Amino acid sequence: MLRIANALETQLRGAMQRAFPEAWTEAGEAGLDPQLAPASKPEFGDFQANGALPLAKPLKQAPRQIATAIVEQLQADAAFTQLCLEPQIAGPGFINLTIRPERLAAEVASRLGDERLGVPPVQGAAPVVVDFSSPNIAKEMHVGHLRSTIIGDSLARVLEFRGHPVLRLNHVGDWGTQFGMLITHLKQVAPDALETADAIDLGDLVAFYREAKKRFDDDEAFQTTSREEVVKLQGGDPLSLKAWGLLCDQSRREFQKIYDRLDIRLSERGESFYNPFLPAVIDGLKQVGLLVTDDGAECVFLEGVSGKDGKPLPVIVQKSDGGFNYATTDLAAIRYRFAAAPDGDAARRVIYVTDSGQANHFVGVFQVAERAGWIPDGSRLEHVPFGLVQGEDGKKLKTRAGDTVRLRDLLDEAVERAEADLRSRLQDEERSEPENFINHVASTVGLAAVKYADLSQNRITNYQFSFDRMLALQGNTAPYLLYALVRIAGIARKGGDLDASTAQLQFSEPQEWALVRELLRFDAVIAEVEEELLPNRLCSYLFELSQVFNRFYDQVPVLKAGPDALPSRLALCRLSADTLKTGLGLLGISTLERM
RNA sequence: GGGGCUGUAGCUCAGCUGGAUAGAGCGACGGUUUCCUAAACCGUAGGUCGUGGGUUCAAGUCCCGCCAGCCCCGCCA
């Protein structure tokens, strides 16, 4: 419907200009705004134009009179009358617009053979960086990584669908002081590993990390060795680097299991990647005169952000011991991502998907990058924050024992619960299915439920995690959406040829028209998600589409329809399936034929 | 103390550039199956949109104050 909306916008502007030439001229370059918006209710048609209301005062006319004048001009426009039925003036002066049925049917027809479902591809797109997931080496992925990973992946998918070249970057924590203790511990417990390739399987990295941490806390000699090890690592000592590489490889393999399971593709580019560029960050800041030495640390003081004592807050880019910190790395990353190749990604949009607790940090770092002139004109640097994952008690999600919830346990439990649900349903319905069917459905439904529950909520608010709610078979959940697709697949199995060519579409039932209108919203929804980076908008849409489809399915027969109606109804089924499948795909959710 | 986010139905949440009588799901109550998977559909009840001002033809939405909850605040990321 975006094309139609654009056409209407132009026609409305033309009509307003002709109706009120003087006001138009006074309004300046932009002219008058028709305030075109989707109709707030179905009975108002497809669109509403509210632009008459604000003109009442300046024109000293009744708003309905103004609306009437605009409508008269619209009716004189042949392009408009071919597109719309006669406009209705309602309420205080809203202009309600209804698209001609044949134009809606034509839009549906044009989408039937279109893989993009009416979504226009971007032209001459520059790279977009989506920085997400970002676990720490030598630690396990836990519930804290869930939202970044799922939301980031979905945003990347939407941007890719639009045609942007997307760099999905995993900014893993693969550098820093904790490696001193890890390497020291590794060298002591598994010296063989450094000599022979694959000599040892580190096994449980979490346990390994815990042991190293315990020794670091308890043993002073170990502490000293660890500190020396950090210096050796940073100095490029080959053996230290080798130990570091082993730890990273091991972690990488563990992360990859989760990513494979979630069907998420990521390019690892950890913090260490930016090491060679850190000194240049300091030099660059010095050159533009932003750098200030304070308490021995190199800082940039922020504008408009003050601390406890009312003094400006600093971003520390070089510690008093000469070391760099995360702000330095983030600045180097920003610089690299916007810079031209070969030492840069030439991105024009850089998106960080991290929890909202880091908002302050990003405000500071972004301001420094901006003032240093590292953000090219016309490009965007965005923090996409999200809230905490909470348990049903409203507190931060923990296991019963009070530990952090491991991501793989969380996914396992979702799949197990989905399987138990499925088995009990099969029993109730006296259905029998092979084990591989049960495993496949349980796994698809379980993972879909986890992803959808997260994505369907506005990411800014905290998210209350509940297996029971996300796996519920009714309501705004993954199983409900998957079921709508299963119903369509059922029609195809029972003899409905969804790919049959349909020369002319004709619809008679209100449920058909409701479905048509819902299907045609897809392009606008994608445009909105691309702009606002809110996947829950796509979820809401897919849920509403499923509801409208289920109503249609329930109340309008497809396979038993007469020969006049059958092809058109099959076409609606096909487009519904394509839209749902594509939409769920953009959420990173795979679909089922039967469940 | 400063900053950020949040506050909408019993519960979990939508609410896009301010627009018509504030929406959905769950839960509650009632109904629908010789028919494409009832994991569905239809209906009923339920809200002073935290609070007090302000701007506007029009405020859940914008501005200011206050209250409550969560998060962040110099050398961790």
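Below, each value reflects all heavy atoms present in this structure, side chains not excepted, and no hydrogens, waters or symmetry copies. The sequence lines fix the lettering, A, B, ..., with proteins before strands; numbering per chain opens at 1. Keep in mind that this is a model prediction, so the values were computed, not measured.
Note on A:Q457: only backbone sugar-phosphate atoms sit closer than 4.0 angstrom, heavy atoms only; bases stay farther off. Counting any heavy atom pair closer than 4.0 Å across all strands shown, A:G357 reaches sugar-phosphate atoms only and no base atom. Residue contacts shown for A:L422 include a base, since a base heavy atom lies under 4.0 Å away. Within 4.0 Å (heavy atoms only), A:T461 reaches sugar-phosphate atoms of the nucleic acid but no base atom. Using a 4.0 Å heavy-atom criterion, one finds that A:Y480 contacts the sugar-phosphate atoms exclusively. Counting any heavy atom pair closer than 4.0 Å across all strands shown, A:A489 reaches no nucleic acid atom. As judged by a 4.0 angstrom heavy-atom cut-off over every strand, A:R493 is placed among the base-contacting residues. In this structure, A:L559 reaches the bases: a heavy-atom distance under 4.0 Å links it to at least one base atom across the strands shown. As judged by a 4.0 angstrom heavy-atom cut-off over every strand, A:N360 is placed among the base-contacting residues.
One atom, OH of A:Y553, and another, P of B:A39, lie 11 Å apart when rounded to the nearest Å.
For the residue pair A:E298/A:T293, the side-chain donor-acceptor check at 3.5 Å is satisfied. A side-chain N or O of A:Q555 and one of A:Q511 form a donor-acceptor pair less than 3.5 Å apart.
Residue order along RNA chain B, read from the 5' end via each residue's closest nucleotide, puts A:V305 first among A:R459 and A:V305. Comparing A:D294 and A:V558 against RNA chain B, the residue whose closest nucleotide sits nearer the 5' end is A:V558.
The partner of B:G23, taking Watson-Crick or G-U wobble pairs whose two distances both stay under 3.5 Å, is B:C13.
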Where protein sits on nucleotides 23-30 of chain B, one letter per nucleotide: B base, S sugar-phosphate only, - none, heavy atoms under 4.0 Å
SSSS----
